[in-house]
Amino acid sequence: MNWLFDSADEFLRKSTWKDLALLKICLFSVGILFGTRVARRDKLRVRLLARLTFLLTYIPLMGKYIAVLAGMRGRERAEEISA
């Protein structure tokens with residue numbers, strides 16, 4: 001479980017304010033998906049917009065996070081070899 005927190009810390013160290021803004025927008029759109037309370041005729045448009053926003057923010061964030069994880073694993077392997 002510690003590796004999860006360590007990877008999150010590493011992600012935040014490598015993040016800029018733009019990454020954190022994307023994260024907030026991403027979470028906001030998930031909140032809209034779960035909490036939408038609009039008229040039935042408008043609900044489809046609101047949900048589609050929220051899904052699109054979520055996907056457009058989630059994909060770059062996860063790409064960066066996966067790169068952080070790969071870098072951490074590479075460092076761990078290098079430490080094992082040098083030890």
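Here, residue 1 is the first one in the sequence, and each next residue gets the next number.
- The NZ atom of Lys64 lies 4.5 Å from the OG atom of Ser15; values are rounded to the nearest 0.5 Å.
- Not one N or O on the side chain of Asp42 forms a donor-acceptor pair closer than 3.5 Å with the backbone of Ala39.
- The distance from the CG atom of Leu20 to the SG atom of Cys26 is 12.5 Å, given to the nearest 0.5 Å.
- Cluster membership for Ile66 and Phe5, using ILVMFWY side-chain heavy atoms within less than 4.5 angstrom, is not shared.
- Across Leu56, Leu55, Leu49, a single residue satisfies side chain to side chain contact (heavy atoms under 4.5 Å, CB included) together with Thr53, and that is Leu49.
- Here the closest non-hydrogen pair linking Ser29 and Ala50 is CB-O, 3.5 Å.
- Residue Arg41 places its CZ atom among 12 or fewer non-hydrogen atoms of other residues, nucleotides or ligands, all under 6.0 Å distant.
- Around atom CZ of Phe54, more than 12 heavy atoms belonging to other residues, nucleotides or ligands sit under 6.0 Å away.
- For the side chain to side chain contact (heavy atoms under 4.5 Å, CB included) with Leu48, the qualifying choice from Leu52, Val46, Leu44 is Leu44, the only one to do so.
- Leu23 and Leu4 fall within a single hydrophobic cluster, where Ile, Leu, Val, Met, Phe, Trp and Tyr side chains are chained together by heavy-atom contacts under 4.5 Å.
- In this structure, Ile25 and Thr57 approach most closely via the heavy-atom pair CG2-CG2, 3.8 Å.
- The hydrophobic cluster containing Val68 also contains Tyr58, counting ILVMFWY residues as joined when their side-chain heavy atoms lie under 4.5 angstrom apart, directly or transitively.
- Between the side chain of Lys14 and the backbone N or O of Asp9, no donor-acceptor pair lies under 3.5 Å.
- When the side chains of ILVMFWY residues are joined at heavy-atom separations under 4.5 Å, either directly or via intervening members, Leu33 and Leu61 end up in two distinct hydrophobic clusters.
- Here Trp17 contributes atom CH2 and Lys24 contributes atom NZ; the two are 12.0 Å apart, rounded to the nearest 0.5 Å.
- Cluster membership for Ile59 and Val30, using ILVMFWY side-chain heavy atoms within less than 4.5 angstrom, is not shared.
- Residues Leu12 and Asp19 fail the side-chain proximity criterion, which asks for heavy atoms closer than 4.5 Å.
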